[in-house]
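Notes follow once the structure below has been shown.
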Amino acid sequence: MYKVVIGLEVHSELKTETKCFCSCENKFGGEPNTRCCPVCTAMPGALPVLNKKAVEYAIKAGLSVGCRINEYSVFERKNYFYPDLAKAYQISQLEYPLCVGGHVDIEVDGKKKTIRLDRIHLEEDAGKLIHSPNGTMVDYNRAGVPLIEIVSMPDIESAEEAVLYLQKLRATLLYLGVSDCKMQEGSLRCDVNLSLHKEGEPFGTRTEMKNLNSFRAVYRAIKYEAKRQEEELEAGREIVQETRRWDDNAGKSYSMRSKEDAQDYRYFPDPDIVPIIVRKDYIEKIQKDLPKLAYQRAEEYVKNLGLTEQDALLLTNEKYVSDYFDQVIKEFNEPKFVCNWILGEVFKKLNTLDNEEIEILISPKNMAKLLKLYHAQTIGQNVARKLLDELWGTDDDPEIIVKEKGLAQNNDAKGLEEIIKNIMQNNQKAVEELKNGNQKTMAFFVGQAMKATSGKANPKLVNEIVQKLIK
Ligand code: ADP
Ligand code: MG
Ligand code: ZN
């Protein structure tokens, strides 16, 4: 009877070469404190210089979700003290963000639903604290990495919708190529704001949940928090506006601190950085050069390649799959055949792997070779499947393997006919049964032919020959 209201704040690290305000390398990991300089460690007198690429990427992200780009925007200092932040302030945006408005559309129960965006602003990431038995250490490699914060309006109404929204947003950023979006590495992070209210009444007090490191965690945290708030309200207690930390192992969230307001951070324009003026023609150029997004690729697959809409959607869900498909069909132009194989066999294989770092570990070139062999019936389905396993993670050439191991199918119609005639002579009863229309007997003949050829007979061909011979 309570309505759930959710707004998400998504942080996504931009994959620029260098950091947002200095020339340090922007890359995940590395020996602690090896990718930093006087600017990102706040040495006195060091001055920030804005990375133009970060601005371009943020605008790209904004345009792809229909934001209006502010031609005038300002960096502000968000002041707070915490050891992961050497300056004791984060360079962020408040009053004049780079992008405003926009929306992400999701499909809920077959219907389109629009989640409006409030804004997308550019800011810098903080360092990382490493807790050890000897104490807490700080690694500033991540300090100053450019981030966009994508703030949704409170339009999300369930855990399912939140995950759909995140998946759509992640796919969009990946297609744009502006972020790696790896939740386990923290290049995509998400805070969940959630409140409950009764139909017809104003929105309730919200809590904000942090430390959500996977879509599954977001889903579970929302279910948990909605239930917790409901129990509080039912017990006649008020919801405290607070920040809560999700513990994924415990499946619970804990209160961290009472929620701070913008005024607590004493934001003010950073006097070290001049306002950003982006010209209209610059925005137009970025708009014009936007890469194709998932839905655009899917449309083309249907229109140009004749794939079904469902297959096209499945292929474009993940950019790496769509990229892979594009590369394979460049070598072997049988889109439907390649698509079926990827959605069937390759997905089956991917599903057996650990969820974190999924990759297709056969080069598109070798995959094309494998599929050519299969398509031409040089190898049968079983061998093709086995080869997929065998080639996975190697650079081996399927053509050579098939030759070396003698895996080629027996497509010699004349030879097979002799073999089958022989089988029939020795199995007159089965021949009669087949003639009487007992199609199950067909399996018997295929089996026998396989046996006689050590499994290499082309089953389709065997089938055809048997049909021909009993006529
Ligand atoms: P803050 O500056 O405290 O983070 P914002 O106004 O930027 O607050 O809102 C942060 C997020 O909270 C947004 O995604 C917004 O949609 C969401 N939000 C605002 N009010 C509510 C509410 N009553 N219930 C759930 N989410 C809300
Ligand atoms: Mg916020
Ligand atoms: Zn630096």
Side-chain angles (χ1 to χ4, degrees), residues 2-11 16-27 30 33-43 46-51 54 76 78 80 86-87 90-95 97 100-104 115-121 123-127 139-146 149-159 161-162 165-166 169 189-198 201-210 212 218 221-222 225-226 229 233 238-244 257-267:
Y2 288 101
K3 297 205 139 218
V4 182
V5 171
I6 299 164
L8 297 182
E9 292 167 278
V10 172
H11 287 94
T16 50
E17 298 276 318
T18 56
K19 291 185 181 179
C20 203
F21 299 104
C22 63
S23 57
C24 290
E25 190 184 13
N26 171 18
K27 204 169 164 202
N33 299 310
T34 54
R35 297 194 182 114
C36 36
C37 72
V39 175
C40 51
T41 52
M43 294 299 146
L47 286 171
V49 177
L50 178 60
N51 183 343
E76 304 206 32
K78 179 181 182 180
Y80 65 95
K87 297 193 293 292
Q90 178 193 26
I91 304 176
S92 181
Q93 300 191 297
L94 183 71
E95 287 294 311
V100 284
H103 57 96
V104 170
I115 310 294
R116 292 167 303 154
L117 298 181
D118 178 32
R119 58 199 271 142
I120 300 180
H121 68 249
E123 61 185 28
E124 60 175 346
D125 210 343
D139 174 8
Y140 287 115
N141 282 352
R142 203 181 68 180
V145 165
E149 179 172 337
I150 304 158
V151 183
S152 87
M153 300 293 267
D155 287 349
I156 299 166
E157 291 166 297
S158 68
E161 287 183 17
Y165 167 84
L166 287 172
L169 197 56
R189 312 197 285 270
C190 167
D191 302 337
V192 171
N193 295 272
L194 188 149
S195 67
L196 299 185
H197 68 108
K198 284 190 176 155
E201 288 180 8
F203 283 1
T205 304
R206 72 184 146 115
T207 59
E208 179 172 352
M209 264 182 301
K210 292 191 177 287
L212 302 161
V218 169
I222 288 174
E225 182 60 10
Q229 287 192 16
L233 292 171
E238 282 192 354
I239 302 299
V240 184
Q241 180 163 343
E242 63 184 357
T243 303
R244 301 179 64 87
R257 54 173 189 255
S258 67
K259 171 103 180 88
E260 53 291 289
D261 277 324
Q263 65 201 25
D264 298 328
Y265 292 114
R266 203 173 62 90
Y267 278 94

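Residues: numbered from 1 along the sequence shown. One-based numbering, in listed order, for ligands and for the atoms of each.
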Review point. Atoms of ligand 1 less than 4.0 Å from Gly7 heavy atoms?
Key: 14 (O), 16 (O), 17 (C), 26 (N)
Review point. Taking atom types as modelled and ignoring hydrogens, do the side chains of Gln241 and Thr207 form a donor-acceptor contact shorter than 3.5 angstrom?
Key: no
Study note, to complete from the structure: Heavy-atom proximity to atom 17 (C) of ligand 1, picking from Ile150, Asn193, Leu194, Leu196, points to Asn193
Practice item. Using a strict cut-off of 4.0 Å, indicate which atoms of ligand 1 neighbour a heavy atom of Val5. Key: 24 (N), 25 (C)
Exercise for review: Over 60° means perpendicular and under 30° means parallel, so classify the ring planes of Tyr80 and Tyr265, tilted if in between.
Suggested key: perpendicular
Review point. Do you see an N/O/S atom of Cys36, backbone or side chain, under 2.8 Å from the Zn ion (ligand 3)?
Key: no
**Study point:** Side chain Asn141, main chain Asn33, donor-acceptor under 3.5 Å
**Key:** yes
Point to revise | Opening angle at the Zn ion (ligand 3) [SG, Cys22; SG, Cys24; to 10 degrees] | key: 110°
Point to revise | Geometric N/O contact Asp118 with ligand 1, under 3.5 angstrom | key: no
Check your understanding: Below 4.0 angstrom, N of the basic side chain to O of the carboxylate: do Arg35 and Asp139 qualify?
Key -> no
**Study point:** Met153 neighbourhood, listing ligand 1 atoms whose heavy-atom distance to it stays under 4.0 Å
**Key:** 16 (O)
Review point. Could an N or O of ligand 1 be found under 3.5 Å from any N or O of Ser152, whether backbone or side chain?
Key: yes
Point to revise | Tyr267 six-ring face occupied by Lys78 cation (under 6.0 Å, within 45°) | key: no
Point to revise | Residue part near ligand 1, for Arg206, under 4.0 Å between non-hydrogen atoms | key: side chain
**Study point:** Where ligand 1 meets Val151 - atom numbers and elements under 4.0 angstrom, heavy-atom basis
**Key:** 13 (C), 14 (O)
Exercise for review: For the residue pair Glu17 and Asn26, confirm or rule out a side-chain donor-acceptor distance under 3.5 Å.
Suggested key: no
Review point. Does the side chain of Glu9 come within less than 4.5 Å of Lys210's, by heavy atoms?
Key: no
Exercise for review: Would you mind listing which atoms of ligand 1 come within a distance below 4.0 Å of any non-hydrogen atom of Phe203?
Suggested key: 23 (N)
Practice item. Could you list which atoms of ligand 1 come closer than 4.0 Å to a heavy atom of Gly204? Key: 23 (N)
Review point. Is the closest basic N to carboxylate O distance between Glu225 and Arg244 below 4.0 Å?
Key: yes
